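Have a look at the structure below, then the notes.
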There are 2 protein chains.
Amino acid sequence: MNEVTRREQSRAATELDIRRQARELLVREGQEAVTLRAIARELGITAPALYRYYASREELLSRIREDICGDLSAELTAAMPTEQGHLSKVFAVCRGFRWWALAHPREFALVFATPAAKGTRKRGGPERQGGGGTAHEQEMPRRDELGSVFLKVAGPLMAEGVAESPPAHIPEELRDGLGDSRRDLAEAFEAEGIDMPREALSAEAVYLLLRWWARLYGQVALEVFDQFPFDVSQAGRLFESMLVELAGESGLS
Amino acid sequence: MNEVTRREQSRAATELDIRRQARELLVREGQEAVTLRAIARELGITAPALYRYYASREELLSRIREDICGDLSAELTAAMPTEQGHLSKVFAVCRGFRWWALAHPREFALVFATPAAKGTRKRGGPERQGGGGTAHEQEMPRRDELGSVFLKVAGPLMAEGVAESPPAHIPEELRDGLGDSRRDLAEAFEAEGIDMPREALSAEAVYLLLRWWARLYGQVALEVFDQFPFDVSQAGRLFESMLVELAGESGLS
DNA sequence: TGGGCGAAGTAAACGCCGTTAACTCGGGAT
DNA sequence: ATCCCGAGTTAACGGCGTTTACTTCGCCCA
């Protein structure tokens, strides 16, 4: 067993080439230049051949989004120091995210700023199709893989009860409404294999997590899309300032 | 004088129709549906006729971006209470911005999250082509018009020395680098006809202004692009919480 | 009042695009 | 040796932005 016929091999290689060329076009010339015909041209084949691999251009773009998340995920994981205390890990991931976004603005836009497409973004129900595992269990959406990086770094911090000082008093009505998010987050940690004592997932902790993500994403998007009101050559320092501030508000050193 | 020939009238009307149809297509079906042929079809003319009005599709989109800024600007101005203290005005503008963005996601994306297009976004030099004014002095980019709304509400707050308490100690290296921004901001206020004593434009004030914009933009983009890590039904409350927090950090009631 | 100029609009065409349908042809299983 | 099926092809459809050459008609001036 484990025979890989030439056909399978060739198919896999071509599929990879397609995505690679598509990525290159995206980087070089922007989203609307990612054209089935252009990809095919670069690969020395004809456009309709691509339909043997993807049902449509939109599906190809979708796969590319996943690839991008995978790459980003790997890069952030690599940038994370082993043995350095959780705070430096958090900082490393945040800085890594910013750096990646600035270096790959089109990819960032494709993944993090595509206007939602209406029906997308379902809450992932219990639709695990648990077939017998061959080798690598199989191709879960890379989006989760990216989330897992953030969870891996946030988890330990939350587990050890980050905010000894409960600095941000949450508005009452928000505290109540955060219940669903607490459950979602608990599930996510469990799925990730990270132990998370129920009481560590306080409303405060969830609130803090949301603030981290909101400000990180916000500042990065602001910078990538160049939406500073007047030119800010100090964006980097501003970002660093945000990080230490956020850390302070979270009760970290 | 002041004669408007039928030609001019007709031309102006058609130009307006074009932009209106384009906006409708944008809202209804998204950016890539804003097609010269589609617009022409809806107007009962042929596509090449549009080239009498705009040199290219890209130029048309550019004009639409300006129109959108104009509308948003007007909406925010209207939403601003007269006679209510500066803080409520700030809150009203922020809430208005969020509300508008959620109600007009495609417009928001077009204006606030388009990947920069390389050569754009020059710092506006002294290239005023001050011809003799006919009627309305003429068509300054709507982007400035939008900025002016924010300046109009931020100005008074800064002028009266917002942060009596200097709460956020700015990192030294950032304080230095903020010099350019202070100059830019001073110019902007002057251009807007808002008196701004030089000493009110402290580094702290500029820093606070940047934080307001960064968080406002960030949170709104996060919500429009649906990038919350898990579903947050409480986005509205989260937004409100951010506002009061920001106000607190700025030394406002 | 008429002549002509210039602007608004059209028709036809070019080269792109995504997508479909009908085909060739060769590797792999029987 | 045979058949099958899947990767790849060619040809075609309709839609796209844009250019070119043309009609047509409102306006200005004689």
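Below, chains carry the letters A, B, ... as their sequence lines are ordered, and counting in each starts from 1. Just so we're clear, the structure is a prediction, and the values are computed from it rather than from any experiment.
Computed from coordinates, the L43(A) CG to dT9(D) C1' distance equals 15 Å when rounded to whole Å. If you take CD of Q31(B) and P of dC16(D), they are 16 Å apart, rounded to a whole angstrom. Rounded to an integer number of Å, the gap from D17(A) CG to dA7(D) C1' is 14 Å. Across the protein-nucleic acid pair, L60(A) atom CG and dC17(C) atom P stand 14 Å apart, rounded to whole Å. Between the CD atom of E32(B) and the P atom of dG15(D) there is a distance of 17 Å, given to the nearest Å. For E15(A) and dG8(D), the CD to P distance is 11 Å, given to the nearest whole Å. For Q9(A) and dA7(D), the CD to P distance is 15 Å, given to the nearest whole Å. Separating the CZ atom of R41(B) from the P atom of dG14(D) is a distance of 14 Å, rounded to the nearest angstrom.
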Trace of the ring pair (Phe, Tyr, Trp, His ring centres under 6.0 Å) decision for F230(A) with W213(B): CA-CA 11 Å; F230(A) 31 80; W213(B) 172 238; over 10 Å; no
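Out of dG8(D), dC16(C), dG17(D), the shortest distance to the side chain of I45(A) is found at dG8(D). The side chain of R37(A) sits closest to dG18(C) out of dG18(C), dG8(D), dC16(D).
Between R183(B) and E190(B), none of the side-chain N atoms (NZ, or NE/NH1/NH2) sits under 4.0 Å from a carboxylate O, so this pair counts as no salt bridge. Here R63(B) does not pair with E59(B) in a salt bridge; the nearest charged N to carboxylate O distance is not below 4.0 Å. For R20(B) and E24(B), the salt-bridge test fails: no basic side-chain N is under 4.0 Å from an acidic carboxylate O.
OP1 or OP2 of dG8(D) has not a single side-chain nitrogen or oxygen of T46(A) nearer than 4.0 Å. For the OP1/OP2 pair of dG8(D) and a distance below 4.0 Å, the side-chain nitrogens and oxygens of Y53(A) include at least one atom meeting the criterion.
With F97(B) as the partner, the ring-ring contact (aromatic ring centres under 6.0 Å, His included) test is satisfied by one option alone out of Y217(B), F112(B), F239(B): F112(B).
Nearer the 5' end of DNA chain D, as judged by each residue's closest nucleotide, is the contact made by R57(B), out of R52(B) and R57(B). Residues Y51(A) and L50(B) each lie close to DNA chain C; by heavy-atom proximity, the contact nearer the 5' end of the strand is made by L50(B). Judged by closest nucleotide on DNA chain C, A38(A) is the one of A38(A) and P48(A) placed further toward the 5' end.
Residue contacts for S56(B): at a heavy-atom cut-off of 4.0 Å it reaches the sugar-phosphate backbone alone, with no base atom in range.
No hydrogens or angles were tested; on distance alone, nothing pairs the side chain of R11(A) with the base of dG6(D) as donor and acceptor under 3.5 Å.
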